Amino acid sequence: MPATSHLTPAEVEEFGRELDRIRDEVIASLGERDARYIRGLIGTQRKLELCGRALLFASWLPPAWMAGTTALAAAKILENMEIGHNVLHGQWDWMGDPKIHSTTWEWDFASPADQWKHSHNFVHHTWTNVLGKDRDIGYSAMRITPEQRWHPIYLAQPLYNALLALFFEYGIAIYDLELERIPSGKKDLKEALTQLRAVAGKIRRQVVKDYVAFPLLAGPAFIPVLFGNLTANIARNVWGHTIIFCGHFAEGAEVFTEDRLEGETRGEWYVRQLLGSCNIDGGRLFHIMSGNLSHQIEHHLFPDMPSNRYAEIAPRVRALCDRFGLPYTSGSLTRQAGSVWKRVLRLAFPGPARPLAPASPARRLEAAA
């Protein structure tokens, strides 16, 4: 039975109003405590990176290599997940700090910030889990829901999903270019080439920094520093891939048809965000290292709310879901990751067929009339 079949249109809108009240309360309470959080986190990240790179200069000693690589990987994860992703969402624009602002921040990731903001903030967060609109369903490369038409190329998706995890930042950079739209004329070739040059320039700067400049500065430790930087980047990529896939493709995440969007109300938008997202259980450090995307439900409900507030409102959102009889999908990291890989493996083969999530309560009543 559909998750929303018991709700009337009026109840869906009341659900939306309750969520609006939660959002308004949090936004009204933002202040110095929140500013200290993000500034302190940026300071911690930079100290971790400095410490990691300094230790790697002594990486002919195995303990120094291990400690330096671990510190650098942690710094890159923090910069990418809890800082870069959330700053680029505009979560900290309210501070008015030009150094921590969505229009000025550039992150340590292969995707240029402006290209990523279009594909992620606008396309994905607007059309979340709507087949044919949300390009994040399978990232234009994988079949992760039975509603996607099967093709023999999907037989290899377990392999290329593993490769995507290792080189996630480059996969996302290519994905953001939307190259598949060029043959149909939906994207101008000149625009694509301009964006491709921006990506190439970003990658070149990162490669020079991590695989040329810092190894050269290390002198005789050139090789271990290079491999330390490579290991840190791979660790960041695998971690980001795991967290993001668990939030979007774990068991329980629903996919919708485009007719769901016709006349979609605020309450219906909230319900779609809820049903298309999954949380991951964990402690405070885990949530920070995941960029608080372990609170994927709260993030999709309130993408511009500072991430440090998600843990605070999660019990209220869950209680609200219980009150309205709506699912609140959450599980351990191993459980969610296991369900993602089970899905990737099963859907590499044809079938199974299943109907898409039905239309909203309002449109069901219209159809019945």
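Worth saying up front: this structure is predicted, and the values here are computed from it rather than measured.
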Handout entry: Pairs meeting criterion salt bridge (Lys or Arg N to Asp or Glu O under 4.0 Å) with involvement of residues 113-135, two or more places apart
Key =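 Sorted pair list: R135-E178, R135-E180.
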
So, are [X] and [Y] salt-bridged, with charged N and O less than 4.0 Å apart?
| X | Y | value |
| --- | --- | --- |
| D210 | R53 | yes |
| E79 | K76 | no |
| E11 | R323 | no |
| K99 | E106 | no |
| D281 | R335 | no |
| E18 | R21 | yes |
| R266 | E13 | no |

Exercise for the section: Could you please spell out the steps behind the side chain to side chain contact (heavy atoms under 4.5 Å, CB included) verdict for I27 and D24? Expected result: CA-CA 5 Å; I27 298 302; D24 291 345; 5.8 Å; no

Could you give the distance from [atom1] ([X]) to [atom2] ([Y]), rounded to the nearest 0.5 Å?
| X | Y | atom1 | atom2 | value |
| --- | --- | --- | --- | --- |
| T128 | Q296 | OG1 | CD | 9.0 Å |
| L301 | S277 | CG | OG | 7.0 Å |
| M66 | L56 | CE | CG | 11.0 Å |
| F324 | L19 | CZ | CG | 8.5 Å |
| N129 | H248 | CG | NE2 | 7.0 Å |
| R236 | N80 | CZ | CG | 5.0 Å |

Hey, do the aromatic rings of [X] and [Y] have their centres closer than 6.0 Å?
| X | Y | answer |
| --- | --- | --- |
| F227 | Y211 | no |
| H300 | H295 | no |
| H118 | H124 | no |

Are the side chains of [Y] and [X] in contact, using a 4.5 Å heavy-atom criterion?
| X | Y | answer |
| --- | --- | --- |
| V271 | E254 | no |
| L41 | Y37 | yes |
| S111 | V199 | no |
| Q148 | I144 | yes |
| F256 | L131 | no |
| Y154 | P350 | no |
| F286 | I280 | yes |
| W127 | L261 | yes |

Handout entry: Chi angles and distances behind the side chain to side chain contact (heavy atoms under 4.5 Å, CB included) call for D34, W92
Key = CA-CA 9 Å; D34 304 282; W92 303 99; 3.9 Å; yes

Handout entry: All pairs passing ring pair (Phe, Tyr, Trp, His ring centres under 6.0 Å) where residues 62-88 contributes a residue, at least two apart
Key =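 Checked against ring pair (Phe, Tyr, Trp, His ring centres under 6.0 Å) - neighbours excluded - the pairs reaching residues 62-88 are H85-H89, H85-W116, H85-H120, H85-H299.
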
Problem - Enclosure of I153 CD1 (heavy-atom neighbours >12, cutoff 6.0 Å) - result: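 Counting other residues, nucleotides and ligands, CD1 of I153 stays at 12 neighbours or fewer.
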
Practice task
Answer yes or no: does atom NZ of K209 have more than 12 heavy-atom neighbours from other residues, nucleotides or ligands under 6.0 Å?
Solution key: yes

Practice task
List the steps and the verdict of side chain to side chain contact (heavy atoms under 4.5 Å, CB included) for F302 and R309.
Solution key: CA-CA 10 Å; F302 313 113; R309 296 298 194 99; over 6 Å; no

Would you confirm whether [X], through its side chain, and [Y], through its main-chain N or O, come within 3.5 Å as a donor-acceptor pair?
| X | Y | result |
| --- | --- | --- |
| N233 | N229 | yes |
| Q336 | C278 | no |
| T126 | V123 | no |

Path from [X] to [Y] over hydrophobic side-chain contacts below 4.5 Å:
| X | Y | value |
| --- | --- | --- |
| I234 | I244 | no |
| V130 | F122 | yes |
| L345 | V340 | no |

Exercise for the section: Test ring-ring contact (aromatic ring centres under 6.0 Å, His included) on Y139 and F245 and set out the steps. Expected result: CA-CA 10 Å; Y139 290 98; F245 271 53; 5.7 Å; yes

Exercise for the section: Name all residues meeting the side chain to side chain donor-acceptor pair (under 3.5 Å) criterion together with T231; count only those two or more places apart in sequence or in a different chain, and write none if there are none. Expected result: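 Residues passing side chain to side chain donor-acceptor pair (under 3.5 Å) with T231: none at all.
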
Are side-chain N/O atoms of [X] and [Y] paired as donor and acceptor at under 3.5 Å?
| X | Y | result |
| --- | --- | --- |
| E82 | N292 | yes |
| K202 | Q115 | no |
| N279 | E298 | yes |
| D20 | Y270 | yes |

Exercise for the section: Tell me, with the steps shown, if L226 and F214 meet side chain to side chain contact (heavy atoms under 4.5 Å, CB included). Expected result: CA-CA 8 Å; L226 187 151; F214 277 107; over 6 Å; no

Handout entry: Taking every non-hydrogen atom, the tightest pair across W94 and G31
Key =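 W94 and G31 have their closest heavy atoms at CH2-O, 3.3 Å.
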
